[in-house]
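Keep in mind that the numbers below use all heavy atoms, side chains included, and drop hydrogens, waters and symmetry copies. All figures in this text were calculated on a predicted structure; none of them were measured in a lab.
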Amino acid sequence: MILERLKERVQKGWLRSLDWQFARWVGRVSGDDTEAVLLAAALASLRVAEGDVCVDLSHFAGRRLFADSPAEGGAVPAPPLAEWLDALRRSPAVSASPAAAWTHDPSPIPRHSLTPLVLDGTRVYLTRYWAFEEDLARRLLERAEGWTDVEPAALRPHLDRLFPAPDPPGGVDWQRAAAAVAAMKRLCIISGGPGTGKTHTVKAVLAILQALRPGRPLRAALAAPTGKAAARITESLQKNPSFAEDVPFLRDLPRAAVTLHRLIGIREGRSVPRHNPENPLHVDVLVIDEASMIDLPLMARTVAALPPHARLILLGDKDQLASVEAGSVFADLCGRGRTPAYSERWRERIRAATGMEVPAESENPREAPSPLDDCTVFLRKSYRFHEKGGIGRLAAAIRDGGELPPLSGPGEENASDTNRAPEVRLRAVPALRLPQELGRVARERFAPVSEAAGVEEALARLDAFRILCALREGPAGAAAVNGAVEEALSGTARHGAGSRPVKGKPVLITRNDYDLQLFNGDVGLFWPDERDGRLYAWFRAPDGHLRKVRPLRLPPHETAYAMTVHKSQGSELDEVLLLLPPEDSRVLTRELIYTAVTRARRAVEIWGSAERLQAAVSRRTQRTSGLHERLFPSTRRTPR
């Protein structure tokens, strides 16, 4: 029986108990316990946990599943594709017509679905994820259509005031173009690497929109998927503006960002946020930073909570890691490597608003345009990394999947080879020497944190350096590395990550706590309060102020001398040490290495072999969803 075979795979670690339970539940509630249906249910549940929105049966049909090799005993054979699809179309557990999965519930997902699974072409969805994807695509396409009432002629003087003339003359300043798009469209997608001016562009857009409505305050909201990312964009916006000092309406711009969970009112135990289509947000424009970190359900709920007239501006880096949860929404919105095919209408309006002539050529001449093309701008020039600097060259090579530039080895920081950049180093550290080397790093880089004069200085020292790990488990994983650092600092056997608060010890929140407004990924520091001498966990709020929490009140957390690259998203650090595992892993991808390297402002050191690093750069992250096809119809496959 298929359930017995799947349970054996749970015991072997190939499936989660939850996947098996879901398959069993599907058979029970639908009355259909055929192997094809239960296998599809277990796969769909497993793939969501692995980051996919759905399972594409064409990738698994006719194969032996859940085994190290096809010959391994206990492997579960998948039926041929045509047979599998036919069984699902006939099953009462599956809706073969997507429209049949909808109800009249006004929330982004239906409270009651007719079937637990949806079959769309060769893809099988959990019904709620199909609903999220379909609803998000529909709302984004509606926003992408047409133009607002802001005329290009009204924009021109403001753009000239807030942006310098393109250099060289006649060139394209993509920041200026992005600002024009954000002012004239209800949807604007801005992608760029670190230091490409995304925050500067948003400041200009908000200032322009406020200037265009004198006497009426602009209801603008700033948000990010994590507290750490919200604090980062708040810090950037509160710095002295890079515009002329005589722009008076800069005073009226929002000064602090919030998390998306707090913005739309996601409450634990409730599926419908406080703000939804029935109770939309009271905003004229919503700016979301670090959009690449947003999973499908959160993005769908956020877009559904916007009033029809509001502008949505998404900022992110399409080349970074996708969200930890299901979906790669921002990469899908940016076209998955597709170059925007701007319409002639777009080029006319941008020319009138900016004075720039944007080339009409597209790298996708055979692809039909999408409404999202006219809403998307890629920022190309980095103001943080010089294009010939070490981090900039390395990041560009990783992003493009090319051959990596020469990296300095131990003792080569001052070498005469001009191709080697001292700020980027590569070391092969044998596994047996790893604890000893980590001990040295702990004493040099983390011991000074606890010696700081106060919590502000301690947090600044902590942000100057961090260890990033590709994996959580294993000898080079975050858990083991944190243990080695703690042991080196305490001089005793390690006491387990997160088990005991100690002065100067960093802490990483691993589960959202809506009452405390602490969210997964937030990083704090244990430090005594000067007033009562008690030890607290201190966190920097999005508005830049420090807040303290008693250790016993903290939600689930762990030590954060080292963290996974996924958890580091939204961070900016002076220096980064990246640890590659001794064995190859499918987790090692181009996006992961790029994300790790671009967390650093000044220096990057990588411990691992050049072969392992190059192999990781050649491997792309692949996540299965239908969102890209819904947004770019020319890429849609013909259902079998």
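- Taking 4.5 Å as the limit, some side-chain heavy atom of Thr302 sits within range of a side-chain heavy atom of Leu298.
- A cation-pi arrangement, defined by a distance under 6.0 Å to the six-membered ring centre and an angle within 45 degrees of its axis, is absent between Lys318 and Phe330.
- Looking at Arg619 and Glu591, no side-chain N of the basic residue comes within less than 4.0 Å of a carboxylate O on the acidic one, giving no salt bridge.
- Side-chain contact between Leu580 and Leu613: present, with at least one pair of heavy atoms (C-beta onward) separated by less than 4.5 Å.
- If you take CZ on Arg590 and OG1 on Thr621, they are separated by 9.5 Å, rounding to the nearest 0.5 Å.
- Remark: Arg336 CZ to Ser328 OG distance equals 5.0 Å, nearest 0.5 Å.
- Within the 4.5 Å cutoff, no side-chain heavy atoms of Val48 are placed close to those of Val53.
- Across Leu578, Leu434, Leu426, a single residue satisfies side-chain contact (heavy atoms from CB on, under 4.5 Å) together with Trp607, and that is Leu434.
- Note on Arg601 versus Asp574: salt bridge recorded, some NZ/NE/NH1/NH2 to OD/OE distance being below 4.0 Å.
- Under 4.0 Å is where a charged nitrogen must lie from a carboxylate oxygen, and between Glu575 and Arg599 no such pair does.
- In the displayed structure, Glu530 atom CD is contacted under 6.0 Å by at most 12 heavy atoms of other residues, nucleotides or ligands.
- Distance CG/Leu588 to OG/Ser618: 10.5 Å, rounded to 0.5 Å.
- A search for side chain to side chain contact (heavy atoms under 4.5 Å, CB included) contacts involving Arg550 returns Arg534, Tyr536, Arg553, not counting sequence neighbours.
- Summarising the geometry, atom CG belonging to Leu627 is positioned 13.0 Å from atom OG1 belonging to Thr624; distances are rounded to the nearest 0.5 Å.
- Residue Leu468 forms a side-chain contact (heavy atoms from CB on, under 4.5 Å) with just one option from Val604, Ile606, Leu577, Val565, and that option is Val565.
- Side chains of Phe539 and Leu554 form a contact here, defined as non-hydrogen atoms less than 4.5 Å apart.
- With contacts defined as side-chain heavy-atom distances shorter than 4.5 Å, the pair Val576/Val597 does not qualify.
- Between Tyr594 and Asp317 the shortest side-chain heavy-atom distance falls below 4.5 Å.
- No salt bridge links Lys503 with Glu451; every basic N to acidic carboxylate O contact stays at or beyond 4.0 Å.
- Classification of Arg427 and Glu437 as a salt-bridged pair holds, one side-chain N sitting under 4.0 Å from a carboxylate O.
- The side-chain heavy atoms of Leu592 and Thr595, taken from C-beta on, include no pair separated by under 4.5 Å.
- In this structure the side chain of Ser45 reaches within 4.5 angstrom of the side chain of Arg16, judged on heavy atoms.
- Between the side chains of Ser625 and Asp52, not a single donor N or O lies within less than 3.5 Å of an accepting N or O.
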